[in-house]
Amino acid sequence: MWGNPVPQSFLFLLLLLLLLSCLNPAMGQQQLMCGRVRAKVTRPHTVSITEFGAVGDGKFLNTHAFENAIFYLRTFADKGGAQLYIPPGQWLTGSISLISHLTLFLDRGATILASQDPKTFPVIDGLPSYGRGCELPGGRHSSVIHGENLADIVITGENGTIDGQGWVWWDMVHNRTLDYTRGHLVELINSTNILISNLTFVNSPFWTIHPVYCSNLTIRNLTIWAPGDSPNTDGIVPDSCTNVCIEDCSISSGGDALSIKSGWDEYGMAYKRPSSNIWIRRVVSSAPSGAGFAIGSEMSGGVSNIKVEDVVILNTKSGIQMKTTAGRGGYIVNVSISTIEMHNTEKAIVFTGFSGKHPDDNWDRKAYPLVEQIWIKNVVGENIMQAGELLGLQEAPFRDICLINIALDVISGWPYWNCSEVVGSSSYVLPKPCPELQDSKFFKNSKICFRILSYIIILTM
């Protein structure tokens with residue numbers, strides 16, 4: 001009746017692929033990879049910062065010692081690179097500019113201390129995808145650890161510390177006395193093959209780890225801390241980056257603990273550098289004034305192909321947040337968030353189309369963002385004030401938002417959900433979501449998938 005029998009091996013492969021496509025919303029997109037480090041971890045040449053006159057007493061300014069050491073190490077760039085060893089001690093410095101094929105190694109008990117004199121952090125141009133500094137028009141101060149147009153960079157150690165001593169900058173924010181936008185603790189620009197691991201970063205002046213226009217980046221085994229009330233001290237902020245792995249980190253910050261960005265309004269749209277292929281896993285995040293994990297609001301270059309899993313979120317204003325606004329343009333698509341545990345969170349799931357300011361008056365009033373294909377599944381939470389607030393734009397509703405297997409212990413008298421201009425599906429979600437998130441189209445499609453699967457199973461019998 002069937003003619004020539006279909007080879008069982010072919011049918012089994014077809015069965016497997018169809019099953020994966022039914023269960024995995026990211027099927028067909030570029031697969032994410034974690035664990036491959038393309039930077040060279042070991043180096044044939046090592047020098048100590050003390051060989052260049054550095055003094056680790058926390059008082060002597062060692063900026064010139066770092067400059068001289070790194071200038072000397074340039075001679076080893078074509079010989080396998082070199083390592084700059086930082087021994088135990090407190091090494092006060094201004095901005096440090098890295099070079100390619102370099103390992104910056106902080107031994108146990110070693111602390112790089114950022115100078116509290118703003119003049120030791122030169123003013124540099126704003127990023128082209130932002131058009132200006134994030135906080136003020138014009139330039140911005142350089143970061144404590146800075147690098148641009150580099151390859152093969154390792155920042156690691158035996159749990160040494162990089163301390164931004166950011167309170168002088170935070171006071172300027174509170175007192176409105178900033179002259180230029182603050183610098184970050186670590187910023188690498190337009191660089192590739194990067195490993196940042198096994199260190200502690202504290203008291204950042206602004207964002208803590210900010211790779212921008214970077215590729216092939218692994219961030220692993222970090223402890224990041226800043227006071228919960230320190231202004232916008234976000235933890236890890238990949239910005240217009242591709243092929244990023246963030247894993248096994250503990251983050252407590254005064255902004256968003258984890259935040260993915262890709263440029264600001266017309267500047268981000270023109271620069272066209274998306275953030276994509278980012279995998280975040282096994283992270284503990286705390287952000288009393290921000291989100292445990294966020295995308296945006298600066299996302300004008302686009303954000304796609306994001307996978308977040310096995311994250312514990314503690315003491316946050318919002319647990320998971322997608323934020324944008326009219327004028328951003330860009331897109332947030334193909335995002336999978338799973339296996340999330342939340343404790344003491346004001347709002348568990350937040351999507352907003354009304355977040356953030358604009359760089360100038362030239363933003364496009366008709367540049368609406370695209371937000372769709374967001375999957376959130378396997379989430380539990382306790383001491384939650386509100387399950388979710390999803391507020392899209394009338395001109396650009398958020399679509400294809402899928403919630404599966406979510407149980408939230410909501411303890412306030414607030415409405416469990418607040419939704420508008422959003423369309424999505426849900427299954428096994430408590431408290432019961434708003435009507436906008438009860439579209440059953442996806443689950444009807446899933447039933448069709450499994451019906452086809454049953455026919456293939458019969459064919460293989």
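All values reported here derive from a predicted model rather than from experimental measurement.
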Are any side-chain N or O atoms of D57 and backbone N or O atoms of F60, one a donor and one an acceptor, separated by less than 3.5 Å? yes
Check: I411 and I384 side chains under 4.5 Å, non-hydrogen atoms: no
Taking T345 for its side chain and M342 for its backbone only, find out whether a donor-acceptor pair lies under 3.5 Å. no
Please report the C-alpha distance between Y213 and Y271 in whole Å, then the side-chain angles of each, then the deciding distance to 0.1 Å, and finally whether the ring-ring contact (aromatic ring centres under 6.0 Å, His included) criterion is met. CA-CA 10 Å; Y213 320 141; Y271 201 66; 4.8 Å; yes
Would you say the side chains of T242 and S276 form a donor-acceptor pair under 3.5 Å? no
Looking only at the SG atoms, are C419 and C434 under 2.5 Å from each other? yes
Closer than 3.5 angstrom, by distance alone: can the side chain of S97 be matched with the main-chain N or O of G147 as a donor-acceptor pair? no
Check the side chains of D152 and N193 for a donor-acceptor pair under 3.5 angstrom, ignoring hydrogens and angles. no
Between H210 and D239, is there a side-chain donor-acceptor contact under 3.5 Å, judged purely by atom types and distance? yes
For salt bridge (charged side-chain N to carboxylate O under 4.0 Å, His left out), just list the numbers for E247 and R281, CA-CA rounded to whole Å, side-chain angles, deciding distance to a tenth of an Å, and then say yes or no. CA-CA 5 Å; E247 61 185 358; R281 62 183 180 177; 2.8 Å; yes
Between H141 and F121, is there a donor-acceptor pair closer than 3.5 Å when you use the side chain of the first and the backbone of the second? yes
For the backbone of V47 and the side chain of Q83, can you confirm whether one donor and one acceptor N or O come within less than 3.5 Å of each other? no
Donor + acceptor pair across side chains of Y428, N378 (<3.5 Å): no
Checking S253 side chain against D234 main chain: does a donor-acceptor pair fall under 3.5 Å? no
Which of these, T223, T200, N198, sits in a side-chain hydrogen bond (donor to acceptor under 3.5 Å, both in side chains) with N159? T200
Using the rule side chain to side chain contact (heavy atoms under 4.5 Å, CB included), only one of W225, W170, F206, W169 pairs with T233; which is it? W170
Looking only at atom types and distance, does a side-chain atom of W417 sit under 3.5 Å from a main-chain N or O of K432, one as donor and one as acceptor? yes
For G301, does its backbone N or O pair with a side-chain atom of S262 as donor and acceptor, under 3.5 Å? yes
Rounded distance (nearest 0.5 Å) linking atom CG of L222 with atom CD1 of I246: 9.5 Å
Decide whether N203 and D163 meet the rule of one side-chain donor and one side-chain acceptor closer than 3.5 Å. yes
Rounded to the nearest 0.5 Å, the CZ atom of R328 sits from the CG atom of L393 at a distance of 11.0 Å
Classify the ring geometry of H358 against W363: parallel below 30°, tilted from 30° to 60°, perpendicular beyond 60°. parallel
